[in-house]
S.K.: 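What follows is a structure written as structure tokens; I'll ask about it next.
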Amino acid sequence: MELGRIEEYYFDGRRYDAENDDYALDIPFYVERAKRSGGPVLEIGCGTGRVTLPIAREGLEIVGLDIAPAMLARLGDKAAKEGLEIPLVEADCRHFSLDRLFELIICPFSAMQHMHDRASLEAFLDRVRAHLTPGAPFIFDVFNPNVEVLARGAGERFPVFTYTEEESGQEIFVEEATDYDDAAQVSHITWYCTGGGSDEVREEEIHLRCFYPQELDMLLYYNRFEILVKLGTFSGEPFASGLGRQIVVCRPV
């Protein structure tokens with residue numbers, strides 16, 4: 001991800017919610033970890049509050065940080081409607097200073113995969129380290145790369161999901177095409193969205209760095225983070241071959 005660049009995908013908070021609100025597998029996991037920490041919690045890449053709001057509803061102090069103003073505006077509106085006070089910070093996760101420490105930092109929903117180069121990842125991990133109390137954990141999740149999916153022909157479209165537009169109430173059908181850059185380890189993903197009473201095909205792009213399991217472990221090790229536990233599912237299954245996610249609980253050493 002280029003410095004300061006925001007994917008166009010994150011320009012519309014309402015559309016983002018419509019596309020992603022059905023995903024809730026990770027919420028109980030992050031809420032439980034937040035309760036265990038006692039707060040305060042910093043969520044990096046908070047988006048529109050899919051995880052932030054459930055944590056705040058538990059009475060825990062949580063700060064949301066994101067680079068996309070549209071996402072933060074949407075989260076602010078939702079929090080205000082519920083009477084929740086959630087400090088929001090518009091910042092690049094590689095370059096921020098909040099002048100305070102947290103008992104837990106989380107980065108859910110593959111947000112770390114928006115950073116494609118070593119310098120960005122090291123700057124990000126440095127900022128995480130600088131904002132944790134001694135011994136406090138950093139928890140994040142990323143995909144476990146699926147070689148079969150990455151090897152699919154570039155440009156071929158595959159149906160992935162449907163969602164309902166908030167304004168029109170009409171169903172939108174989404175197909176996905178992936179062009180994998182194996183040198184940069186970046187999946188260039190295009191979603192083709194049709195329906196909603198229109199013949200228009202709307203395209204949305206997102207670019208995600210792939211972290212292979214042993215590479216991810218070494219990235220943390222060489223940036224002085226100790227992995228406490230690595231899971232493959234949010235229900236607590238230990239990470240193993242064939243599982244779709246890498247869920248990491250670690251801490252600075």
Side-chain angles (χ1 to χ4, degrees), residues 1-2 4-27 45-51 66-68 70-71 74 107-117 120-121 140-213 215-216 232-234 239-247:
M1 182 171 67
E2 298 172 6
R5 174 184 171 189
I6 306 174
E7 305 265 14
E8 187 174 351
Y9 176 63
Y10 300 108
F11 285 179
D12 188 328
R14 287 181 300 178
R15 182 182 298 160
Y16 178 87
D17 275 351
E19 293 174 345
N20 293 287
D21 265 1
D22 285 344
Y23 185 81
L25 292 174
D26 56 345
I27 291 175
C46 63
T48 62
R50 192 182 56 83
V51 174
D66 204 289
I67 195 173
M71 300 289 104
R74 176 74 167 173
C107 186
F109 209 37
S110 304
M112 202 168 93
Q113 292 185 244
H114 290 292
M115 289 171 280
H116 301 167
D117 59 274
S120 290
L121 290 161
F140 66 94
D141 65 275
V142 294
F143 288 116
N144 182 21
N146 184 318
V147 176
E148 182 179 346
V149 172
L150 296 177
R152 294 191 307 202
E156 288 189 60
R157 299 187 191 181
F158 299 87
V160 284
F161 64 91
T162 64
Y163 70 91
T164 303
E165 280 188 323
E166 180 178 311
E167 291 183 347
S168 69
Q170 294 185 311
E171 194 168 25
I172 303 296
F173 302 88
V174 182
E175 294 180 307
E176 178 180 286
T178 300
D179 184 4
Y180 180 57
D181 180 342
D182 59 2
Q185 294 181 206
V186 175
S187 285
H188 302 284
I189 300 165
T190 303
W191 285 352
Y192 298 91
C193 308
T194 58
S198 170
D199 294 330
E200 175 190 3
V201 179
R202 187 182 73 251
E203 296 183 16
E204 298 178 358
E205 293 185 0
I206 191 168
H207 309 276
L208 299 178
R209 162 72 183 266
C210 291
F211 295 103
Y212 293 92
E215 171 196 20
L216 181 62
T233 66
F234 289 108
F239 179 75
S241 179
L243 296 178
R245 301 204 75 80
Q246 300 179 74
I247 305 158

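This chain uses plain numbering: 1 for the first residue, then up along the sequence.
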S.K.: Between Arg245 and Ser110, is any side-chain donor less than 3.5 angstrom from a side-chain acceptor?
M.R.: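 Arg245 vs Ser110: donor-acceptor pair found between side chains.
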
S.K.: Check whether any side-chain heavy atom of Phe161 lies under 4.5 Å from a side-chain heavy atom of Asp22, and answer yes or no.
M.R.: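 Phe161 vs Asp22: side chains apart.
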
S.K.: Would you check if the side chain of Glu165 reaches a backbone N or O of Gln170 as a donor-acceptor pair within less than 3.5 Å?
M.R.: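 Side chain of Glu165 to backbone of Gln170: no pair is present.
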
S.K.: Please report the interatomic distance CZ(Phe211) to CE(Met115), rounded to the nearest 0.5 Å.
M.R.: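 These two atoms lie 7.0 Å from each other.
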
S.K.: Show your reasoning for whether side-chain contact (heavy atoms from CB on, under 4.5 Å) applies to Val149 and Phe158.
M.R.: CA-CA 10 Å; Val149 172; Phe158 299 87; over 6 Å; no

S.K.: Taking side chain to side chain contact (heavy atoms under 4.5 Å, CB included) as the criterion, tell me which of Asp141, Ile247, Ile27 meets it with Pro108.
M.R.: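 Of the listed residues Asp141, Ile247, Ile27, the side chain to side chain contact (heavy atoms under 4.5 Å, CB included) partner of Pro108 is Asp141.
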
S.K.: What do you reckon, are the aromatic ring centroids of Tyr9 and His114 less than 6.0 Å apart?
M.R.: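 When the ring centroids of Tyr9 and His114 are compared, they turn out to be at least 6.0 Å apart.
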
S.K.: Using a 3.5 Å cut-off and no angle test, enumerate the donor-acceptor pairs between side-chain atoms of residues 172-182 and protein atoms at least two apart in sequence or in another chain.
M.R.:
residue: Glu176; atom: OE1; partner: Trp191; partner atom: NE1; Å: 2.9
residue: Tyr180; atom: OH; partner: Tyr212; partner atom: OH; Å: 2.8
residue: Asp181; atom: OD1; partner: Ala183; partner atom: N; Å: 3.0
residue: Asp181; atom: OD1; partner: Ala184; partner atom: N; Å: 3.1

S.K.: What closest approach, in Å, do Arg209 and Asp117 show between heavy atoms, and which atom pair accounts for it?
M.R.: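 Residues Arg209 and Asp117, closest heavy atoms: NH1-N, 4.3 Å.
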
S.K.: Applying salt bridge (charged side-chain N to carboxylate O under 4.0 Å, His left out), can you list everything that pairs with Glu204, at least two apart in sequence or on another chain?
M.R.: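 Here the qualifying residues are Arg15, Arg202.
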
S.K.: How close do Glu7 and Ile206 get, heavy atom to heavy atom, and via which atoms?
M.R.: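 So the minimum-distance heavy-atom pair works out to OE1-CA, 3.9 Å.
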
S.K.: Check whether any side-chain heavy atom of Asp26 lies under 4.5 Å from a side-chain heavy atom of Arg50, and answer yes or no.
M.R.: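 Yes; the side chains approach each other to less than 4.5 Å.
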
S.K.: Leu150 and Pro145: which non-hydrogen atoms are nearest, and at how many Å?
M.R.: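 Leu150 and Pro145 have their closest heavy atoms at CD1-CB, 4.1 Å.
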
S.K.: Tell me whether the rings of His188 and His207 are parallel (<30°), tilted (30 to 60°) or perpendicular (>60°).
M.R.: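 Judged by the thresholds at 30° and 60°, the geometry between His188 and His207 is perpendicular.
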
S.K.: Determine whether Thr190 and Glu203 satisfy the following criterion, side-chain hydrogen bond (donor to acceptor under 3.5 Å, both in side chains), listing intermediate values before the conclusion.
M.R.: CA-CA 7 Å; Thr190 303; Glu203 296 183 16; 5.5 Å; no

S.K.: Is the count of non-hydrogen atoms from other residues, nucleotides or ligands lying under 6.0 Å from Phe234 atom CZ greater than 12?
M.R.: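 Buried by this count: over 12 neighbours within 6.0 Å.
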
S.K.: Check Gly242 against Asn144 and note the closest heavy-atom contact, atom names and distance.
M.R.: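 Minimum heavy-atom contact is N-ND2, 4.4 Å.
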
S.K.: Would you give the length of the straight line joining atom OG of Ser187 to atom CG of Leu208, rounded to the nearest 0.5 angstrom?
M.R.: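 Between Ser187 OG and Leu208 CG, I get 6.5 Å after rounding to 0.5 Å.
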
S.K.: Report yes if some heavy atom in the side chain of Tyr163 is under 4.5 Å from a heavy atom in the side chain of Asn20; otherwise report no.
M.R.: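 Answer no - side chains too far apart.
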
S.K.: To check you understand the geometry: which heavy-atom pair defines the closest contact between Phe239 and Pro213, and what is its length?
M.R.: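 So the two residues come closest at CZ-CG, 3.6 Å.
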
S.K.: Which residues pass the salt bridge (charged side-chain N to carboxylate O under 4.0 Å, His left out) test with Arg74, sequence neighbours left out?
M.R.: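 Salt bridge (charged side-chain N to carboxylate O under 4.0 Å, His left out) check on Arg74 returns Asp17, Glu166.
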
S.K.: Is it true that a side-chain atom of Gln246 and a backbone atom of Phe143 form a donor plus acceptor pair closer than 3.5 Å?
M.R.: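 Answer holds: yes.
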
S.K.: Quick one, Thr48 with Arg14, criterion side-chain contact (heavy atoms from CB on, under 4.5 Å). Give me CA distance, side-chain angles, the key distance, then yes/no.
M.R.: CA-CA 9 Å; Thr48 62; Arg14 287 181 300 178; over 6 Å; no

